[in-house]
Amino acid sequence: MSKGLPKRSDDYSAWYNELVKKADLAENSAVRGCMVIKPYGFSIWEKMQAELDRMFKETGHTNAYFPLFIPKSYLSREADHVEGFAKECAVVTHYRLKNSADGDGVVVDPDAKLEEELIVRPTSETVIWSTYKNWIQSYRDLPLLINQWANVVRWEMRTRLFLRTAEFLWQEGHTAHATKQEAWDESVQMMHVYAEFAESFMGVPVIRGIKSESERFAGAEETFCIEALMQDGKALQAGTSHFLGQNFAKAFDVKFADKEGKLDLVWGTSWGVSTRLMGALIMAHSDDEGLVLPPKLAPIQVVIVPIYRKEEERIAVSEKANELVKQLRAVGLSVKFDDRDTHKPGWKFAEYEMKGVPVRLAMGPKDLEKGTVEVARRDTKEKSFVPADDALTQYVLDLLDDIQKNIYDRALKHREELTTPVDTYDEFKRILDEKTGFVLAHWDGTAETEEKIKQETKATIRCIPMDAPEEEGVCIYSGKPSTKRVIFARAY
RNA sequence: CGGGAUGUAGCGCAGCCCGGUAGCGCGCUUCGUUCGGGACGAAGAGGCCGCAGGUUCGAAUCCUGUCAUCCCGACCA
């Protein structure tokens, strides 16, 4: 591993790209736009998955799996939906290869053309609703609360590791309900689940809100979202939850008999978060020395680095270190004792800082003498010497809690500093250019105004916050009356 | 699909104008000294110079074509 990252202040985007590679999270693959998620990066994703999965199950959902391929005709059943995705779909046209005539490799066998092309899923509403049609007959079959963990493909022109890749991993929840209210409540609930996850586990504060019509999911009647602000002042959509109304039920003819025996269309929702969360996690907390991970998602929470010169010292230090490992693991902490003799302590310090390990314990001969250990926290880089006794476990547990809280507080403070209400279009443009961040402004509610602003400033409406107070005002662009402020920002 | 650039060792690059032994840094291997913040010395290994044609006694270098990648624009979780 070569040393050093570009500085965030010099080139934020280069910093991000290098960090992802140097922290061993992911790299570009042979296939354009697709990434290889490396073991360390995948461990973080697995931690996210485990917690989200637990939250989904706690709210009554169960996992299932639907196919990767979608018959082309399904996609066109819902007009808005196909409109939204058609431009970025990978299409399977053939099912066989054969040896090429010149004996040099293989070619697509033209005789093996599919009668109906298959689309690699960009999302699964269509296959799932075509299946739900068979599963739902009666109100007794509802609600149907299903989630799937899967990969999806959206053929993006420009990609960035984790933030936008042609293939990505996600979960997609798809639920069906007897009443509009129940489906609506479900989609709101899942937005809150996502927000809770982002804030409590990722340590990323988010705004809960509703998307404007033009930012809404194709095929949804309402899209709820959580929006986060990155260190560079750009917004990142971290999760979405859609109230689908009866749109997909209509398209796939999914009806149920209610208690009176009357047939009615079911109400639906869908909701998802993706490996993009990894991007949010990286950009929210990390610094010029590398990744900063929240303890609750760190694959390694505590690393122990031994320091020694002579073999006797190595043995003595290792013995004590192994005791600490046992002691810390006994309370469920994920601990790594890095006893590799091939790297020096200083090298290891730099490496674990790059990888964002929240707590580092360093122990050498001097510590053995004094009965101490050097404790370094990744978030503030503070170091202290602490007695290496039974009380160390509680000390580390408290420290991890403190780190979790501190990085959240820091991110929240940053967002608050970069959230600016404005009342004129000139001020709006000035803030976007000079200060960046979330800009709170009155908007007349029309797609035309939103589009004009987007074209002129590259800022989009991130969301209409759920808790936006009613406030009389005029649209910064058109001057028409408005009742609440919405959040504008330049976004990833 | 428009505009710009780049393909040379695992990675990052120089060499190309002006054709003549393929080089530097990092990493890698071995040995020794080191080890409390990315150690130092010595000795090594590693290349169809993106690919295909052409010019030439001779091409990484000049010409033609081609492929790929990256950056900037339109689209997006």
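Values below: all heavy atoms of this structure, side chains included; hydrogens, waters and symmetry mates excluded. Just so it is clear: chains get the letters A, B, ... in the order the sequence lines come, proteins before strands, and each one is counted from 1.
Nucleotide rC48(B) is matched to nothing when pairs are restricted to Watson-Crick or G-U wobble geometry with both distances under 3.5 angstrom. Base pairing analysis places rA68(B) opposite rU6(B); the two distances defining the Watson-Crick or G-U wobble pair are each below 3.5 Å. In this structure, rC1(B) forms a base pair with rG73(B), meeting either the Watson-Crick or the G-U wobble geometry with both donor-acceptor distances under 3.5 Å. Pairing for rU61(B) is absent, with no Watson-Crick or G-U wobble pair whose two atom distances lie under 3.5 Å. Base pairing of rC24(B): its partner is rG12(B), meeting the Watson-Crick or G-U wobble criterion (both donor-acceptor distances under 3.5 Å).
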Donor-acceptor pairs under 3.5 Å, side chain of residues 460-468 of chain A to any protein atom, not counting sequence neighbours: which ones?
from, atom 1, to, atom 2, distance (Å)
Thr460(A), OG1, Arg462(A), NH1, 2.7
Arg462(A), NE, Glu227(A), OE1, 3.1

Show me the donor-acceptor pairs, under 3.5 Å and distance only, between side chains in residues 357-367 of chain A and residues at least two apart or in other chains.
from, atom 1, to, atom 2, distance (Å)
Arg360(A), NH1, Glu353(A), OE2, 3.3
Asp367(A), OD1, Thr372(A), OG1, 2.8
Asp367(A), OD2, Gly364(A), N, 2.9

Only distances under 3.5 Å count here; give the side-chain donor-acceptor pairs of residues 44-52 of chain A to other protein atoms, sequence neighbours excluded, each with its distance to 0.1 Å.
from, atom 1, to, atom 2, distance (Å)
Glu51(A), OE1, Arg54(A), NE, 3.4
Glu51(A), OE2, Arg54(A), NE, 3.1
Glu51(A), OE2, Arg54(A), NH2, 2.5

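Listed nucleotides rG37(B), rA77(B), rG36(B) differ in distance to Glu353(A); the shortest reach to its side chain belongs to rG37(B). Checking rA77(B), rG38(B), rG36(B) against every side-chain atom of Ala350(A), the shortest atom distance belongs to rG38(B). The Arg360(A) side chain lies nearest to rG37(B) when the options are rG37(B), rG36(B), rG38(B).
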Are there any protein N/O atoms within less than 3.5 Å of an N/O atom in nucleotides 30-35 of chain B, and if so, which ones and at what distance?
from, atom 1, to, atom 2, distance (Å)
rC35(B), OP1, Arg309(A), NH1, 3.4
rC35(B), O2', Tyr308(A), O, 2.9
rC35(B), N4, Arg309(A), O, 3.4

Pick out the pairs of N or O atoms, protein on one side and nucleotides 68-71 of chain B on the other, that lie under 3.5 Å.
from, atom 1, to, atom 2, distance (Å)
rC70(B), OP2, Arg32(A), NH1, 2.9

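Annotation: rA39(B) and rC26(B) have their C1' atoms spaced 15 Å apart (nearest Å). As rounded to the nearest Å, rG38(B) and rC1(B) have C1' atoms that lie 46 Å from one another. Of the C1' atoms belonging to rG46(B) and rG3(B), the separation is 39 Å, rounded to the nearest Å. A gap of 31 Å separates the P atoms of rG44(B) and rG7(B), to the nearest Å. Comparing rU55(B) with rG65(B), their C1' atoms are spaced 15 Å from each other, to the whole Å.
Checking Ala491(A) against Gly364(A), the closest nucleotide of RNA chain B that is more toward the 5' end is the one next to Gly364(A).
The side chain to side chain donor-acceptor pair (under 3.5 Å) pairs that include a residue from residues 215-225 of chain A are Thr223(A)-His242(A), where partners are two or more places apart or lie in different chains. Within the structure, the salt bridge (Lys or Arg N to Asp or Glu O under 4.0 Å) test picks out the following pairs touching residues 27-36 of chain A (sequence neighbours left out): Glu27(A)-Lys38(A).
With salt bridges taken as basic N to acidic carboxylate O contacts below 4.0 Å, one links Lys320(A) and Glu323(A). Electrostatic pairing of Lys57(A) and Asp53(A) counts as a salt bridge here, judged by a charged N lying under 4.0 Å from a carboxylate O.
By the salt bridge (charged side-chain N to carboxylate O under 4.0 Å, His left out) test, Asp389(A) is found to be paired with no residue, residues two or more places apart in sequence or in another chain being considered. In this structure Glu448(A) satisfies the side chain to side chain donor-acceptor pair (under 3.5 Å) test with no other residue, sequence neighbours excluded. Remark: Glu311(A) engages Arg314(A) in a salt bridge (charged side-chain N to carboxylate O under 4.0 Å, His left out) (not counting sequence neighbours). In this view, Asp232(A) and Tyr492(A) satisfy the side chain to side chain donor-acceptor pair (under 3.5 Å) rule, not counting sequence neighbours.
Whole-Å rounding puts the Glu215(A) CD to rC75(B) P distance at 11 Å.
By the 5.5 Å and 30° criteria, Phe349(A) is not stacked with the base of rG38(B).
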Report task. Under the side chain to side chain donor-acceptor pair (under 3.5 Å) rule, what do Ser124(A) and Gln148(A) come out as? Steps first, then yes or no, please. Result -> CA-CA 9 Å; Ser124(A) 302; Gln148(A) 85 164 340; 3.2 Å; yes
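The stretch residues 192-201 of chain A has no heavy atom under 4.0 angstrom from RNA chain B at all.
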